Visitor: 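Once you've had a glance at the structure underneath, I'll fire off some questions.
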Amino acid sequence: MPRILAVLLLLLLAGCSAAGQPSGQHAAGQHAAPQPSGHHAAAQPNPRYSATDVAWLQLAEALHARALPLLELAPDRAAGRPLAELAVRLGERHESGRDRLRALLAQARVSGENPHTQHDMPGMPTADDLRALSDLRDDAFDRRFVTLLRAYLDQLVLVAKGEQTAGGDREVRELAAAMQREHAAELAELAGLEGAAR
């Protein structure tokens, strides 16, 4: 299982870095090793960080960025206050999480716009998702919101596991482990809200 997770992380990130296309549009066998070139790296990138480290940092940062607009919809549209309050807490935590990811990208001397934020990767709410969700309220909103939020958190946990297996830098692996624990706890909290609503 750890080896499978590592390979999955590499394939996801390789697809995301290729030719400006979402990885889902690549045929099998066309994936290359993940490259941090989507960010305009400095002339001498920090050798302490492996390509997998940089790739995970970029993907995790992009996942966080794409989910923040999703979380912002809940306070005005959710049927139940517990779900709305969870969304607010997650928004604050995940903005802080982006700061941690960006700090390590800066240490790796990777700068510029993160290209993965423009790709519809697994777990990322799409523009169509957000438009459809903005037209919903109450129970209909809650059902769709929970589905999208769970997919996002599941993906964060999955790629964090991959970094812990395949990453090179200890500090990056430790951040991945911490984020895996945080997001697993958030999934459990979400499941608890779903159970209470039944």
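As the structure is a computational prediction, the values presented were derived from the model and not from experiment.
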Visitor: Find out whether Trp56 and Leu104 are in side-chain contact, i.e. whether some heavy atom of one side chain is under 4.5 Å from a heavy atom of the other.
Guide: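 They are not in side-chain contact.
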Visitor: Which residues pass the side chain to side chain contact (heavy atoms under 4.5 Å, CB included) test with Ala103, sequence neighbours left out?
Guide: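 Counting only residues at least two positions away or on another chain, Ala103 forms no side chain to side chain contact (heavy atoms under 4.5 Å, CB included).
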Visitor: With sequence neighbours left out, which residue pairs that include part of residues 132-149 fulfil the salt bridge (charged side-chain N to carboxylate O under 4.0 Å, His left out) condition?
Guide: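 Sorted result for residues 132-149: Asp129-Arg144.
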Visitor: Can you pull the ring-ring contact (aromatic ring centres under 6.0 Å, His included) pairs that have at least one residue in residues 158-177, sequence neighbours excluded?
Guide: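 Listed once each, the pairs would be none.
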Visitor: Atom CG of Asp154 and atom OH of Tyr152: how far apart are they, to the nearest 0.5 Å?
Guide: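 Reported value, rounded in 0.5 Å steps: 12.0 Å.
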Visitor: Could you tell me whether the side chain of Leu156 reaches within less than 4.5 Å of the side chain of Met179, counting heavy atoms only?
Guide: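 Side chain of Met179 against side chain of Leu156, heavy atoms only: no contact under 4.5 Å found.
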Visitor: List in chain and number order the residues that pass side chain to side chain donor-acceptor pair (under 3.5 Å) with Glu92, two or more places apart in sequence or in another chain; answer none if no residue qualifies.
Guide: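 Side chain to side chain donor-acceptor pair (under 3.5 Å) list for Glu92, sorted by chain: empty.
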Visitor: Under 3.5 Å, sequence neighbours excluded: what are the donor-acceptor pairs made by side chains of residues 63-88?
Guide:
unit_1: His64; atom_1: ND1; unit_2: Ala60; atom_2: O; d: 2.7
unit_1: Arg66; atom_1: NE; unit_2: Pro125; atom_2: O; d: 3.4
unit_1: Arg66; atom_1: NH1; unit_2: Thr117; atom_2: O; d: 2.9
unit_1: Arg66; atom_1: NH1; unit_2: His119; atom_2: O; d: 2.7
unit_1: Arg66; atom_1: NH2; unit_2: Asp120; atom_2: OD1; d: 2.6
unit_1: Arg66; atom_1: NH2; unit_2: Pro125; atom_2: O; d: 3.0
unit_1: Arg77; atom_1: NE; unit_2: Ser134; atom_2: O; d: 3.2
unit_1: Arg81; atom_1: NH1; unit_2: Pro75; atom_2: O; d: 3.3

Visitor: What residues, two or more places apart in sequence or in another chain, satisfy salt bridge (Lys or Arg N to Asp or Glu O under 4.0 Å) together with Arg102?
Guide: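 In terms of salt bridge (Lys or Arg N to Asp or Glu O under 4.0 Å), with neighbours along the sequence ignored, Arg102 is linked to Glu61.
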Visitor: For Val54 and Val172, run side-chain contact (heavy atoms from CB on, under 4.5 Å): C-alpha distance rounded to whole Å, both residues' side-chain angles, the deciding distance at 0.1 Å, then the answer.
Guide: CA-CA 9 Å; Val54 173; Val172 180; over 6 Å; no
Visitor: Where do Ala62 and Met124 come nearest, in terms of heavy atoms and distance?
Guide: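 Smallest interatomic distance, heavy atoms only, reads CB-CE, 3.6 Å.
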Visitor: If you define the side chain from C-beta out and look only at heavy atoms, does anything of Leu149 sit under 4.5 Å from Leu90?
Guide: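 They are in contact (side-chain heavy atoms under 4.5 Å apart), so the answer is yes.
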Visitor: Write out all pairs satisfying side-chain hydrogen bond (donor to acceptor under 3.5 Å, both in side chains) with one or both partners inside residues 176-191, taking only residues at least two apart or from two chains.
Guide: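 Pairs touching residues 176-191 that pass the test: Arg89-Glu189, Arg93-Glu186, His94-Glu186, Arg100-Glu182, Gln164-Gln180, His183-Glu186.
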Visitor: Keeping Asn46 on the side-chain end and Arg109 on the backbone end, is there a donor-acceptor pair under 3.5 Å?
Guide: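 Between the backbone of Arg109 and the side chain of Asn46 there is no qualifying donor-acceptor contact (under 3.5 Å).
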Visitor: What residues, two or more places apart in sequence or in another chain, satisfy side chain to side chain contact (heavy atoms under 4.5 Å, CB included) together with Asp128?
Guide: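 Scan of Asp128 (side chain to side chain contact (heavy atoms under 4.5 Å, CB included), adjacent residues dropped) gives Thr126, Arg131.
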Visitor: With sequence neighbours excluded, give me every salt bridge (charged side-chain N to carboxylate O under 4.0 Å, His left out) pair touching residues 51-60.
Guide: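 Listed once each, the pairs would be none.
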Visitor: Not counting sequence neighbours, list each pair that qualifies as a side-chain hydrogen bond (donor to acceptor under 3.5 Å, both in side chains) and has a residue in residues 166-175.
Guide: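 Counting only pairs at least two positions apart or across chains, the side-chain hydrogen bond (donor to acceptor under 3.5 Å, both in side chains) contacts touching residues 166-175 are Arg48-Asp169, Arg48-Glu171, Arg170-Glu174.
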Visitor: What are the two closest non-hydrogen atoms of Gly168 and Glu163, and how far apart are they?
Guide: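 In terms of heavy atoms, the two residues are closest at N-OE2, 4.3 Å.
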